[in-house]
Amino acid sequence: MRISIAPYLPIIVQREDDEMAFENLCLLGLPQYVTLYVAGDWDEILLESNVFLRSYETYRLLLKLPVIEMNVENKAVHIKIDPDIISELPQKNQDTVKQQLFALLFAEHSKKIFAGANMDSSKILLSSDHTFEEINNYNPYGKITLLDLIDTYLPRLEQLKHYHNNRKLGVKNVSAFSAYYKNDEEYAKSLLSLAFDEYPGDVNDRTYLYTYDKKYKTFVEFRPGRNNVYHGMDISLEEAKRKSPDIVKKYHK
């Protein structure tokens with residue numbers, strides 16, 4: 001799973017009443033699967049945003065973030081944004097946001113978030129050169145932090161019938177999920193988290209996840225339900241080769 005985020009820092013930290021929004025953005029605590037798309041003058045943006053005056057340590061840590069500094073794309077000036085989240089920004093900031101959103105539009109295999117628009121809508125429609133995509137908006141002036149939002153994307157394990165051993169349910173054979181013990185779900189949950197981290201693209205309610213269980217020496221399939229709920233089961237090497245060849249290759253099986 002990858003998450004691509006374009007943080008709009010200037011609007012977060014330039015006004016006196018933006019302290020809560022700055023704290024909500026919490027860029028320093030982001031998971032490793034999150035990528036930040038920033039302008040090439042990232043260090044100047046941080047200085048202009050008075051982060052240095054707030055806290056030298058915060059400024060130093062933000063400066064060291066593993067960000068992607070974007071190249072200027074001429075086509076970005078023509079990107080269409082609905083709703084218009086930039087019309088009231090200074091021209092320099094408008095240009096920066098257009099470059100960030102253009103980079104998000106063409107970022108492959110990831111969930112995409114613009115972090116900074118103070119608006120009710122949770123979605124932003126982007127379009128450029130016959131490419132259209134609806135991305136997520138995070139409003140830092142709301143009640144949750146950016147980390148809280150990211151947590152809502154994480155998978156939850158709910159086992160209904162696949163337990164540690166094979167068993168019968170009526171006349172049907174139910175395959176095992178070797179890692180799952182009803183009274184101790186932690187190892188099974190760790191496999192779900194691993195499968196989630198290993199998935200290369202955006203994850204939704206139709207995405208099957210796969211990994212390898214080294215403890216019980218079996219491949220595992222996690223099947224999706226609604227609201228990021230998954231249940232797991234062991235699958236054979238042959239099934240894994242057919243359904244997730246990249247995972248098989250990764251674990252050299």
Side-chain angles (χ1 to χ4, degrees), residues 1-38 42 45-46 49-51 54-55 57-59 61-62 64-68 81-86 88-89 93 96-97 100-101 103-105 107 109-126 133-158 189-190 192-193 195-197 199 201-207 209 224-230:
M1 170 71 174
R2 289 169 49 198
I3 298 177
S4 298
I5 298 178
Y8 181 55
L9 200 61
I11 199 172
I12 301 299
V13 298
Q14 285 183 340
R15 298 188 338 214
E16 291 183 1
D17 61 346
D18 287 343
E19 186 69 35
M20 182 187 73
F22 178 70
E23 295 298 325
N24 281 345
L25 192 59
C26 55
L27 297 180
L28 297 179
L30 297 178
Q32 62 181 4
Y33 49 81
V34 173
T35 300
L36 294 179
Y37 286 84
V38 303
W42 177 237
I45 291 174
L46 293 177
S49 301
N50 296 325
V51 176
R54 287 167 174 260
S55 166
E57 182 63 14
T58 299
Y59 168 75
L61 293 173
L62 287 171
K64 293 177 66 176
L65 284 177
V67 299
I68 291 183
I81 308 164
D82 183 26
D84 187 351
I85 60 174
I86 67 172
E88 298 182 2
L89 303 179
N93 293 346
T96 297
V97 172
Q100 288 177 290
L101 293 177
L104 281 190
L105 179 58
H109 308 303
S110 65
K111 189 177 294 293
K112 304 170 184 182
I113 304 171
F114 179 74
N118 184 8
M119 64 178 194
D120 294 333
S121 175
S122 61
K123 300 291 183 181
I124 301 171
L125 179 63
L126 306 179
E133 184 159 3
E134 192 174 59
I135 70 169
N136 299 284
N137 176 64
Y138 166 68
N139 183 354
Y141 296 87
K143 296 181 179 180
I144 68 170
T145 69
L146 181 58
L147 286 176
D148 291 334
L149 176 64
I150 291 173
D151 282 346
T152 66
Y153 301 143
L154 299 180
R156 295 182 292 112
L157 183 69
E158 288 189 8
K189 289 179 178 179
S190 73
L192 176 56
S193 295
F196 179 77
D197 291 346
Y199 189 77
D202 188 10
V203 173
N204 56 44
D205 287 344
R206 299 178 301 279
T207 307
L209 301 175
R226 292 182 177 273
N227 300 318
N228 301 327
V229 170
Y230 283 82

Nearest 0.5 angstrom please: [X] [atom1] to [Y] [atom2], how far?
X: Leu149; Y: Lys111; atom1: CG; atom2: NZ; answer: 9.0 Å
X: Ile85; Y: Asn139; atom1: CD1; atom2: CG; answer: 11.0 Å
X: Leu61; Y: Ser55; atom1: CG; atom2: OG; answer: 8.0 Å
X: Asn93; Y: Leu9; atom1: CG; atom2: CG; answer: 10.0 Å
X: Ser4; Y: Leu105; atom1: OG; atom2: CG; answer: 11.5 Å
X: Leu36; Y: Leu30; atom1: CG; atom2: CG; answer: 5.5 Å

Would you say the side chain of [Y] lies within less than 4.5 Å of the side chain of [X], judging by non-hydrogen atoms?
X: Leu147; Y: Pro31; result: yes
X: Val38; Y: Thr96; result: no
X: Phe196; Y: Leu154; result: yes

Sub-3.5 Å donor-acceptor pair from the side chain of [X] to the main-chain atoms of [Y], do we have one?
X: Tyr33; Y: Asp197; value: no
X: Asn24; Y: Tyr141; value: no
X: Tyr138; Y: Ile144; value: yes

> Between Lys123 and Asn137, does a side-chain hydrogen bond (donor to acceptor under 3.5 Å, both in side chains) hold up when you go through it step by step?
Replying inline: CA-CA 5 Å; Lys123 300 291 183 181; Asn137 176 64; over 6 Å; no

Where is the tightest heavy-atom contact between [X] and [Y], given as atom of each residue plus distance?
X: Pro7; Y: Ile5; result: CD-O, 3.4 Å
X: Ala6; Y: Leu104; result: CB-CD1, 3.8 Å
X: Pro83; Y: Ile124; result: CD-CA, 4.4 Å
X: Leu25; Y: Ala115; result: CD1-CB, 3.7 Å
X: Gln100; Y: Tyr37; result: NE2-O, 3.0 Å
X: Leu101; Y: Leu126; result: O-CD1, 3.5 Å

>> Please evaluate residues Asn228 and Asp205 with respect to the criterion side-chain contact (heavy atoms from CB on, under 4.5 Å), reporting the C-alpha separation (whole Å), side-chain torsions for both, the decisive distance (0.1 Å), and the verdict.
In response: CA-CA 6 Å; Asn228 301 327; Asp205 287 344; 4.1 Å; yes

> In terms of the angle between their ring planes, are Tyr8 and Phe114 parallel, tilted or perpendicular, with boundaries placed at 30° and 60°?
Replying inline: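 The arrangement is parallel - the two ring planes meet at less than 30°.
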
> Is the number of heavy atoms from other residues, nucleotides or ligands under 6.0 Å of Glu57 CD greater than 12?
Replying inline: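 For Glu57, atom CD is crowded (more than 12 foreign heavy atoms under 6.0 Å).
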
> Does any pair with a residue in residues 133-152 pass salt bridge (charged side-chain N to carboxylate O under 4.0 Å, His left out), and if so which ones, sequence neighbours excluded?
Replying inline: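 For residues 133-152, and leaving out neighbouring residues, the salt bridge (charged side-chain N to carboxylate O under 4.0 Å, His left out) pairs sorted by first residue read Lys112-Glu133.
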
>> I'd like to know whether Tyr153 forms a side-chain contact (heavy atoms from CB on, under 4.5 Å) with Asp202, so could you lay out the CA-CA distance, the side-chain angles of the two residues, the decisive distance to 0.1 Å, and finally the verdict.
In response: CA-CA 10 Å; Tyr153 301 143; Asp202 188 10; over 6 Å; no

> Checking side-chain contact (heavy atoms from CB on, under 4.5 Å) for the pair Thr152/Asn227: CA distance, chi angles, key distance, verdict?
Replying inline: CA-CA 9 Å; Thr152 66; Asn227 300 318; over 6 Å; no

